[in-house]
Amino acid sequence: MCVSFLSTERRKFYQDVSIAQGEGGLYEINLDRKKLKTPGGKLFAVPNEALAIGVATEWDVQKDTLKFYSMHLTTLCNTAIDNPTHRDKEQMIVAALKFLETDTVCYRVEEPQKLVELQKNEWDPPLHWIENRYNVAIGSSSNILGPEIPEATKETFHQHLKSYSFWSLTGLEFVITQLKSVVLSLGLIDRYLTVEQAVLLSRLEEEFQIQHWGNVEFAHDYDLFELRARTAAGVLFVQLSSESQTVKRKLLQD
């Protein structure tokens with residue numbers, strides 16, 4: 001018997017969470033010895049033990065009600081396994097690099113002057129970092145069309161992303177869509193930025209406006225924390241799905 005889920009919440013129906021290595025060296029998640037399945041009906045199996053432990057932990061910490069919307073690693077695994085949009089690696093790379101043409105840190109305002117200076121002071125360092133790190137030219141612009149990205153730059157990033165596995169690309173694309181920025185996302189993956197720094201940089205103009213005009217405090221804090229959680233989960237997913245070493249430790253020790 002297998003376990004699957006389609007809703008955003010449901011009552012918890014299991015006590016124990018465990019992992020087991022199955023066919024092809026993949027790792028499965030068991031809930032009271034029942035194998036977990038994806039929303040698409042496929043066996044939930046991940047490429048390594050590290051990622052399996054991360055997913056199992058999400059299930060283990062759930063209380064009386066399962067909050068699937070907070071289980072980001074599980075959701076990303078479901079996406080990688082079911083591949084609901086039927087894309088291959090090449091299509092994922094093209095989609096991810098589309099964000100380079102509209103990258104958050106590349107669009108600059110012309111006024112007010114305080115925001116102009118803030119964008120320069122905060123966005124120029126990661127922009128210069130990525131240009132030096134990958135030996136590319138990106139630039140910034142206040143034109144509504146944004147900067148014109150050289151073809152050589154696009155090709156450099158294209159070749160770089162080809163080194164990612166399908167699973168890692170799933171996580172990276174998720175991070176890019178959260179931050180609306182290839183620059184900030186690669187800064188996170190390469191550990192140039194922390195999650196907190198990347199999220200604040202992605203919301204720089206919004207935070208500037210809030211400081212001047214105020215905000216609905218609860219809504220602002222909720223959005224900020226949610227974006228941090230999703231971004232952190234995406235980065236962790238990239239790291240765990242890239243893990244090649246089997247984790248030698250007991251899962252979920254009492």
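One is the number of the first residue; the rest follow in order along the sequence.
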Check: [Y] and [X] side chains under 4.5 Å, non-hydrogen atoms:
X: E196; Y: R228; value: yes
X: N48; Y: L51; value: yes
X: T65; Y: K12; value: no
X: L26; Y: Q21; value: no
X: S140; Y: P147; value: no
X: K37; Y: K42; value: no
X: F157; Y: L186; value: yes
X: L66; Y: R11; value: no

Worked verdict on V183 versus I138 for side chain to side chain contact (heavy atoms under 4.5 Å, CB included): CA-CA 10 Å; V183 174; I138 298 177; 4.2 Å; yes
Using 0.5 Å steps for rounding, measure from the [atom1] atom of [X] to the [atom2] atom of [Y].
X: Q62; Y: Y14; atom1: CD; atom2: OH; value: 5.5 Å
X: H158; Y: L100; atom1: NE2; atom2: CG; value: 12.5 Å
X: L240; Y: E49; atom1: CG; atom2: CD; value: 11.5 Å
X: S70; Y: E226; atom1: OG; atom2: CD; value: 8.5 Å
X: H160; Y: L97; atom1: NE2; atom2: CG; value: 10.0 Å

Charged N to carboxylate O under 4.0 angstrom, [X] versus [Y]?
X: K120; Y: E117; value: no
X: E151; Y: K154; value: yes
X: E90; Y: K162; value: no
X: D124; Y: R108; value: yes
X: D190; Y: R133; value: yes

Heavy-atom donor-acceptor pair, [X] side chain to [Y] backbone, under 3.5 Å:
X: E122; Y: Q119; answer: no
X: D82; Y: P84; answer: no
X: D32; Y: D16; answer: yes
X: D60; Y: A56; answer: no
X: E28; Y: F44; answer: no
X: E173; Y: A95; answer: no
X: S163; Y: Q159; answer: no
X: Q209; Y: L204; answer: no
X: K34; Y: L31; answer: no

Taking all non-hydrogen atoms of both residues, which atom of [X] and which atom of [Y] are closest, and how far apart?
X: L161; Y: A96; answer: CD1-CB, 4.4 Å
X: E58; Y: T74; answer: OE1-OG1, 2.7 Å
X: D103; Y: S181; answer: OD1-OG, 2.7 Å
X: C77; Y: V55; answer: SG-CG2, 3.7 Å
X: Y164; Y: L172; answer: CE2-CD2, 3.9 Å
X: V136; Y: I130; answer: CG2-O, 3.9 Å

Can you confirm if the aromatic rings of F68 and W59 lie within a centre distance of less than 6.0 Å?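 Yes, the ring of W59 comes within the 6.0 Å limit of the ring of F68, centre to centre.
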Between F237 and F174, is the ring centre distance below 6.0 Å?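 So the answer is no for these two rings.
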Mind running side chain to side chain contact (heavy atoms under 4.5 Å, CB included) on L179 and L188 for me, showing each step along the way? CA-CA 11 Å; L179 301 178; L188 270 174; 3.8 Å; yes
When you look at V46 and W167, which way does the side chain to side chain contact (heavy atoms under 4.5 Å, CB included) test go after all the steps? CA-CA 9 Å; V46 301; W167 283 71; 4.0 Å; yes
Between [X] and [Y]: side-chain donor-acceptor atoms closer than 3.5 Å:
X: N78; Y: T38; result: no
X: T104; Y: S202; result: no
X: S142; Y: E110; result: yes
X: T153; Y: T156; result: no

Neighbour count >12 (heavy atoms, 6.0 Å) for atom CD, Q91: yes
Crowding at CG, N135 (>12 non-hydrogen neighbours, <6.0 Å):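 Check fails, neighbour count at 12 or below.
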From CA spacing to verdict: side chain to side chain donor-acceptor pair (under 3.5 Å), T170, T79: CA-CA 8 Å; T170 299; T79 300; over 6 Å; no
Verify same cluster id: [X], [Y] (apolar side-chain graph, 4.5 Å):
X: L200; Y: Y107; answer: no
X: Y134; Y: Y192; answer: yes
X: W123; Y: I176; answer: yes
X: M71; Y: F13; answer: yes
X: L127; Y: V199; answer: yes

Mind checking what makes side-chain hydrogen bond (donor to acceptor under 3.5 Å, both in side chains) contact with T85, not counting sequence neighbours?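 For T85 the side-chain hydrogen bond (donor to acceptor under 3.5 Å, both in side chains) partners, ignoring immediate neighbours, are R87.
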Pair K180, T102 - check side chain to side chain contact (heavy atoms under 4.5 Å, CB included), show working. CA-CA 8 Å; K180 307 296 188 294; T102 58; over 6 Å; no
